[in-house]
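Right, one structure below, let's go through it.
Reminder, nothing fancy here: chain letters follow the sequence lines and each chain counts from 1. Just so it is clear, the model here is predicted, and its values are computed rather than measured. No hydrogens, no waters, no symmetry mates; every other heavy atom, side chains included, goes into these values.
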Number of protein chains: 2
Amino acid sequence: MRTSAERGTRERILEVAESSLAECGYHGTRLHRIAERVGIQKASLFHYFPSKDDLYRAVLDEGLDETEQTVRQVLDGGGSPSEKIRQLLEAYVEMVAQHPDRTKILLRQSLGDAPASYHQPPDAHRVLSAVVAFVSEGQRIKEFAPIDPVALTLGVVGMVAFFFTSAPVLAPAWCGDPGNPTIVERVKEHVVEVVARCLGIGHEPTVAAAKVAIA
Amino acid sequence: MRTSAERGTRERILEVAESSLAECGYHGTRLHRIAERVGIQKASLFHYFPSKDDLYRAVLDEGLDETEQTVRQVLDGGGSPSEKIRQLLEAYVEMVAQHPDRTKILLRQSLGDAPASYHQPPDAHRVLSAVVAFVSEGQRIKEFAPIDPVALTLGVVGMVAFFFTSAPVLAPAWCGDPGNPTIVERVKEHVVEVVARCLGIGHEPTVAAAKVAIA
DNA sequence: GTCTATATAGGGATAGAC
DNA sequence: GTCTATCCCTATATAGAC
């Protein structure tokens, strides 16, 4: 059983570590700086985490867990496929927007920015598969237009991640001030619109279909 | 004037450095390893590049230059907006596919993985602006459907980068073997299709338009 | 232009007092 | 649970012979 003081310090370390790992990457992160920002000595960190690797994994696991939870929660809920995919995208964008540091770390991790000893868990595969299965089912019952579901899902993940990590550097004017709620809504609307157009949701049927109907 | 031997070594260093920077990032890259793989002593590196920073910038500049060239070449060419955007996407995807290491480095760079002394040049802004201006013009003359051109461009960049950097880790089965030409064609087709649907290219007019036409 | 040897600094991690 | 002091290693970078 941990004391309340210990739990508080541990959380502050995780907070600061998340910030540093996002900004500087694993190899660029200095334990010395983390301790400094937390307000403790470097050696004290090793009381909470036996090594830099362990601290990294603790931060990473938080992010993976929340991603899976967010996706599962929507997929397991009710509603038509079209409604659910909108909910899914909005929940995902909001989650990413609320934790940009976490997203940066996950993106870095997928680029290979991790301790050499770290072998990533196949958790990401499961979440991805769940989303792909959902899209495929929607296509099978003709509610979604045909398009490669894996490519669509991967593309959306890359797109959203990019908006909240790299885009602020490339297009600061468009992104606005960091933490500005405007950009979140803008990205949300855009991503929903892109996916809707790709899956043929919310659009009038095509002329071909109209001709058949008229005939 | 450099000797041919010197030029050869310099190029080999740049090659190996690009590979290492992509795999390990700036802070994770060890000059010792680069020298080892090139087959020279670590100290010899400093004959070609005065510091690790300079080596990094040399690699990075190569990537930025080629990106700008690729984009400009298509934009300055002839053809209708719809044809040009397809050419642009295909050229871009091919460039990224041919230089995945370079793409990883650029993506890392936009995440802030660079020496503290490095202040990125605003070059990326110019290329982005050129593409956005092109899309906007296509929308003005009604050849493209309305959608936020900045968001579309940023999203495509993120999407494509993700396909060739992170996706192989997340969905190895879908991506196939590295260097497999299949994935390049698949990504190319997908990205062209997504953008086409977003910009309303190559699709029948909607029912609303058809009704007006029939009336 | 390449080498050996070394300077200098900073990193992660440990020992042990309090 | 936090500290001071320190170990040990590796990193970039330099000096100078060949």
(request) Apply side-chain contact (heavy atoms from CB on, under 4.5 Å) to B/Arg12 and list each qualifying residue two or more places apart in sequence or on a separate chain. (result) B/Val38
(request) Identify, with sequence neighbours excluded, every residue that meets side-chain contact (heavy atoms from CB on, under 4.5 Å) alongside A/Ala43. (result)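 Applying side-chain contact (heavy atoms from CB on, under 4.5 Å) to A/Ala43 gives none.
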If you look only at distance, which donor and acceptor atoms sit under 3.5 Å apart when one is on a side chain in residues 144-153 of chain B and the other is two or more places apart or in another chain?
| from | atom 1 | to | atom 2 | distance (Å) |
| --- | --- | --- | --- | --- |
| B/Asp148 | OD1 | B/Val150 | N | 2.9 |
| B/Asp148 | OD1 | B/Ala151 | N | 3.2 |
| B/Asp148 | OD2 | A/Trp174 | NE1 | 3.1 |
| B/Thr153 | OG1 | B/Pro149 | O | 2.8 |

(request) Using a 4.0 Å heavy-atom cut-off, write out nucleotides 3-18 of chain C from 5' to 3' as B (base contacted by protein), S (sugar-phosphate only) or - (no contact). (result) BB------SBBB----
(message) For B/Glu143, give me all partners under side-chain hydrogen bond (donor to acceptor under 3.5 Å, both in side chains), at least two apart in sequence or on another chain.
(response) B/Ser82
Identify every side-chain donor-acceptor pair in residues 20-29 of chain B under 3.5 Å, counting partners at least two apart or on other chains, and give the distances.
| from | atom 1 | to | atom 2 | distance (Å) |
| --- | --- | --- | --- | --- |
| B/Ser20 | OG | B/Thr29 | OG1 | 3.2 |
| B/Tyr26 | OH | B/Asp53 | OD1 | 2.4 |
| B/Thr29 | OG1 | B/Ser20 | O | 3.3 |
| B/Thr29 | OG1 | B/Gly25 | O | 2.7 |

